[in-house]
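Because the structure is predicted, anything quoted here is derived from the model rather than measured. Atoms considered below: every heavy atom in the structure, side chains included; atoms not considered: hydrogens, waters and symmetry mates.
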Amino acid sequence: MAAESWIRCWGWGRRCPARPGLPGPGPGPTTPLLILLLLGPVAADITDGNSEHLKREHSLIKPYQGVGSSSMPLWDFQGSTILTSQYVRLTPDERSKEGSIWNHQPCFLKDWEMHVHFKVHGAGKKNLHGDGIALWYTRDRLMPGPVFGSKDNFHGLAIFLDTYPNDETMERVFPYISVMVNNGSLSYDHSKDGRWTELAGCTADFRNRDHDTFLAVRYSRGRLTVMTDLEDKNEWKNCIDITGVRLPTGYYFGASAGTGDLSDNHDIISMKLFQLMVEHTPDEENIDWTKIEPSVNFLKSPKGCPADVWQ
């Protein structure tokens with residue numbers, strides 16, 4: 001299907017008061033978004049980090065054992081990425097740098113939650129820094145390119161933590177977090193800050209904070225939720241919550257960053273993946289999840305524009 005008919009109406013986002021916990025596993029992919037808007041967020045405890053749920057083979061944790069090691073190659077890195085005892089620096093605060101780090105093993109979990117401890121900082125003043133970090137769950141790995149240091153026309157999920165407004169005509173405040181799902185037919189447009197392929201997003205003031213900054217991504221039964229903890233309050237704030245997302249198993253987790261004429265330090269301190277214990281129907285269990293095509297099904301458009309179904 002052509003890219004222009006695959007998605008026409010760009011996404012939606014909402015902000016709600018800070019509260020602990022991510023929403024629990026939501027309704028399946030056929031639930032209209034309007035119902036979620038009417039009912040509001042569903043409260044539940046976030047994964048508490050107990051070791052029995054932590055999947056170490058998909059987690060990047062200090063002291064970073066197995067990173068770039070031939071004896072236990074759990075993570076590979078490339079480009080400008082450097083490894084220290086305290087952080088993985090994807091790019092230094094220098095111009096024209098690209099770096100990434102990728103999990104070596106594909107993930108076959110149907111339901112998961114990723115917690116990312118990150119830091120974006122540098123000497124640049126307001127709007128004189130860039131470009132940001134991308135978090136990935138994609139078919140291909142270790143493929144550099146123009147999208148925050150990684151390839152365009154990817155297959156899978158991307159969460160962009162964008163710090164520089166390329167299109168100053170847009171009514172949004174940066175830094176800005178957005179989500180994109182791609183089946184390889186869409187190209188990320190940096191000149192428009194990815195507006196036309198964005199499914200949802202929110203403003204998030206994560207740059208040059210003097211305390212820890214965190215992001216959580218949950219995917220369960222077609223529901224994708226992104227939350228942030230940026231205020232040093234040890235509680236999550238809602239950023240993105242959409243249903244109808246279809247992602248296959250067998251893809252790779254990664255993170256990348258890029259700088260251009262402007263720059264920043266882009267650091268990953270940890271990436272922790274947790275398995276969510278979710279019951280699926282017999283029909284769902286019989287699906288070959290590795291054959292699913294990345295897609296999003298909008299049955300209702302909260303922006304008021306005609307709904308599109310792309311898959």
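- Hydrophobic clustering keeps M180 apart from I292 (ILVMFWY residues linked when any side-chain heavy atoms are closer than 4.5 Å, directly or through intermediates).
- Distance alone, capped at 3.5 Å, places no donor-acceptor pair between the Y87 side chain and the H266 backbone.
- Using the six-membered ring where Trp is involved, Y176 and F174 have ring planes that are tilted, between 30° and 60° apart.
- A donor-acceptor pair is defined here as one N or O able to donate and one able to accept, closer than 3.5 Å; no such pair exists between the side chain of D212 and the backbone of D232.
- Residue D152 comes nearest to S187 through the heavy atom pair OD2-OG, 2.5 Å, listed as atom of the first residue, atom of the second, then distance.
- Residue K151 qualifies as enclosed at atom NZ: its count of foreign heavy atoms under 6.0 Å is above 12.
- The closest donor-acceptor contact from the side chain of W75 to the backbone of G254 lies at 3.5 Å or more, if one exists at all.
- The main-chain N or O of A123 is found under 3.5 Å from a side-chain atom of D93 such that the two form a donor-acceptor pair.
- Inter-residue side-chain proximity for M277 and H53 is flagged as met; some heavy-atom pair is nearer than 4.5 Å.
- Here D261 pairs with R95 under the side-chain contact (heavy atoms from CB on, under 4.5 Å) rule; sequence neighbours left out.
- Side-chain heavy atoms closer than 4.5 Å link hydrophobic residues (I, L, V, M, F, W, Y) into clusters, and following such links, possibly through other members, connects L74 to Y251.
- Judged by distance alone, with hydrogens and angles left aside, the side-chain atoms of Y164 form no donor-acceptor pair with the main-chain N or O of S263 at under 3.5 Å.
- Under a hydrophobic-cluster definition in which Ile, Leu, Val, Met, Phe, Trp and Tyr are linked whenever side-chain heavy atoms come within less than 4.5 Å, directly or via other members, L186 and M143 are assigned to different clusters.
- Ring centroid separation for the pair H190 and F148 comes in under the 6.0 Å cut-off.
- With sequence neighbours excluded, the residues that form a ring-ring contact (aromatic ring centres under 6.0 Å, His included) with F253 are W112, Y137.
- Inter-residue side-chain proximity for I133 and V116 is flagged as unmet; no heavy-atom pair is nearer than 4.5 Å.
- Within the structure, salt bridge (Lys or Arg N to Asp or Glu O under 4.0 Å) pairs that include any residue of residues 177-193 comprise D167-K192 (at least two apart or interchain).
- Summarising the local packing, CD of E285 is surrounded by more than 12 heavy atoms from other residues, nucleotides or ligands at distances under 6.0 Å.
- When L247, L276, T249 are each tested for a side-chain contact (heavy atoms from CB on, under 4.5 Å) with K110, only one passes: T249.
- Annotation for R246 and Y219: closest pair CA-OH, 3.6 Å, computed over non-hydrogen atoms.
- You'll find the side chain of Y252 stays beyond 4.5 Å of the side chain of D76, heavy atoms only.
- Between the side chains of N166 and S191, not a single donor N or O lies within less than 3.5 Å of an accepting N or O.
- Classified by interplanar angle (parallel below 30°, tilted 30° to 60°, perpendicular above 60°), the ring pair F160/F154 is perpendicular.
- Within the 3.5 Å criterion, the main-chain N or O of E57 finds a donor-acceptor partner in the side chain of N103.
- Side chain of T203 to backbone of V173: a donor-acceptor contact under 3.5 angstrom is found.
- With H211 contributing its side chain and L230 its backbone, the two residues share a donor-acceptor pair below 3.5 Å.
- Contact check for R223 versus D241: side-chain heavy atoms found under the 4.5 Å cut-off.
- With hydrogens and angles disregarded, a donor-acceptor distance shorter than 3.5 Å links the side chain of S80 to the backbone of L90.
- Ring geometry, F206 versus F118: the interplanar angle exceeds 60°, so the pair is classed perpendicular (tilted spans 30 to 60°).
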